[in-house]
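Structure record follows, encoded as structure tokens.
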Amino acid sequence: MAQLLDGAGKLGWVLLKAVLRFVFMFFNNGVAIPSYCLYLLLLQPLRIWDSSTFWHIEGIMFKWLLAMVSSWGWIAGYTVTEWGDDVRPISEEEAMVIVNHQSTGDVCTLMMCLQDKGTVVRKMMWLMDHVFKYTNFGLVSLIHGDFFIRQGKAHRDKQLVYLKDHLEKYYHSRDRKWIVLFPEGGFLRKRRETSQLFAKKNSLPHLTHVTLPRLGASHVILKTLAAQQENGSVGSDTGIPNQTANKRRSLQWVIDVTIGYPKARPMDIQTWIFGYRPPTVTHVHYRMYPIKEVPVEPEALTDWLYQRFVEKEELLAHFYDTGSFPPPEGQMQAISRQMTLDPVWLCFIQSLAFASGYMWYSVLQYLYCCLF
């Protein structure tokens, strides 16, 4: 009986905490997202007069919004430990970021772990499934200039044309630096069986923790944003006049990001909202490749991407067996880094969001009273 009462008490606390978190996040979204939109509406004359300053301000507010999402996980004890290469020194250089995709929580994890990477968050562009357009954050991503891609053979060719046009129109004009995509084209649990059947049919590696990546979006990004070389690879503009200006016009790196969850249990967006899982550390591994090492021809790029995901499979197999990622080649021990967020900064941003919401409510109420 005592155990039953104890279990009921714990369940009651979990449910109460979930309800309180949901109410807080509902109001958090209710004040932050409309305030973001109204501030940008007010700044439209600046967009015409000085678009670079407009998008600079928009990027700062975009980073704050992503920090709010990060804070939802942070206060629930969901943190990130980083492994592999330190990507902070290249935060001001242009890069394509390829990430394995297990659940909706992958996006939240990236929102958190990139917060301390300089200006990356406010200057990044996301490629995500079109269903995200209809979430609470869809309007923000649409304004920011992210690209929503529709999956399926029926849409594939047309979507790649749209992606190319989108990159040419928005990537440089809004001073974007990092472009983030999930080459697997869907969640692991949904694509694993199909990927394994395809691998078996084509004598490709059998993968369990990741799936074989798709070529389309990666190829379009490299062809559109990277300087072309005669040998079929892409280059970094090094050694040519006006290097600084050219460097901004082409990719310099491909960053391979591997996300690992303890016991292979991915976090999803519901967990971040309701916080019903105990405090959890998500592990993120980085590996950087200079763009000159990346082939751009379709067949060679396909092989290169397959090799990256075979490496991800090995990384995750080691992680699930040992609880840590393996050390880099030539080193005896892997070194991890605990990613941290400043709680004072998070409190400041949340306070600013609620203050902005109150201000805009007062302004709109005043205007309504004046007009009607």
Side-chain atoms of residues 52-59: list all donor-acceptor pairs with protein atoms under 3.5 Å, sequence neighbours left out, distances to 0.1 Å.
residue, atom, partner, partner atom, Å
Ser52, OG, Asp50, OD1, 2.9
Thr53, OG1, Asp50, OD1, 3.4
Thr53, OG1, Asp50, OD2, 2.7
His56, ND1, Arg122, NH1, 3.1
Glu58, OE1, His144, ND1, 3.1
Glu58, OE2, Tyr36, OH, 2.6
Glu58, OE2, His144, ND1, 2.9

Exercise for the section: Test Met339 against every option in Thr282, Val284, Leu114, Asp116 by the side chain to side chain contact (heavy atoms under 4.5 Å, CB included) rule and name the one that passes. Expected result: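 Testing each of Thr282, Val284, Leu114, Asp116 against Met339, the sole residue satisfying side chain to side chain contact (heavy atoms under 4.5 Å, CB included) is Asp116.
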
Do side-chain atoms of [X] reach the backbone of [Y] as a donor and acceptor pair under 3.5 angstrom?
X: Tyr78; Y: Arg277; value: yes
X: Ser195; Y: Arg191; value: no
X: Asp85; Y: Met288; value: yes
X: Ser91; Y: Val120; value: no
X: Tyr171; Y: Lys177; value: yes
X: Trp178; Y: Glu93; value: yes
X: Arg287; Y: Pro328; value: no
X: Glu94; Y: Gln252; value: no

Any residue meeting side chain to side chain contact (heavy atoms under 4.5 Å, CB included) with [X], in chain and number order, not counting sequence neighbours:
X: Phe198; value: Asn202, Leu204, Leu212, Tyr306
X: Gln196; value: Arg192, His206, Thr208
X: Asp268; value: Thr104, Gln270, Thr271, Tyr276
X: Pro298; value: Leu215, His219

[X], [atom1] atom: more than 12 neighbouring heavy atoms under 6.0 Å:
X: Gln338; atom1: CD; value: yes
X: Tyr39; atom1: OH; value: yes
X: Phe26; atom1: CZ; value: no
X: Glu193; atom1: CD; value: no
X: Lys190; atom1: NZ; value: no

Handout entry: Check: Phe132 ring centre within less than 6.0 Å of Trp126 ring centre
Key =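 No - the distance between ring centres of Phe132 and Trp126 does not fall below the 6.0 Å cut-off.
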
Problem - Pair Glu184, Asn100: side-chain N/O donor-acceptor within cut-off below 3.5 Å - result: no

Handout entry: Distance-only donor-acceptor check, side chains Glu92 and Thr119, under 3.5 Å
Key =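 Short answer, yes.
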
Practice task
Using the six-membered ring wherever Trp is involved, compare the ring planes of His101 and Phe182 and label them parallel, tilted or perpendicular (cut-offs 30° and 60°).
Solution key: parallel

Problem - Trp64 and Phe348 aromatic ring geometry - parallel, tilted or perpendicular at 30°/60° bounds - result: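 Perpendicular: the ring planes of Phe348 and Trp64 meet at over 60°.
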
Please output the side-chain donor-acceptor pairs of residues 258-265 that fall under 3.5 Å, not counting sequence neighbours, one pair per line with the distance.
residue, atom, partner, partner atom, Å
Thr258, OG1, Lys312, NZ, 3.2
Tyr261, OH, Asp106, N, 3.4
Tyr261, OH, Asp106, OD1, 2.5

Practice task
Applying side-chain hydrogen bond (donor to acceptor under 3.5 Å, both in side chains), run through Arg308 and Tyr289 and close with a yes or a no.
Solution key: CA-CA 11 Å; Arg308 300 290 74 76; Tyr289 295 91; 3.0 Å; yes

Exercise for the section: Tell me, with the steps shown, if Glu82 and Lys117 meet salt bridge (charged side-chain N to carboxylate O under 4.0 Å, His left out). Expected result: CA-CA 12 Å; Glu82 299 179 316; Lys117 307 297 186 294; 2.7 Å; yes

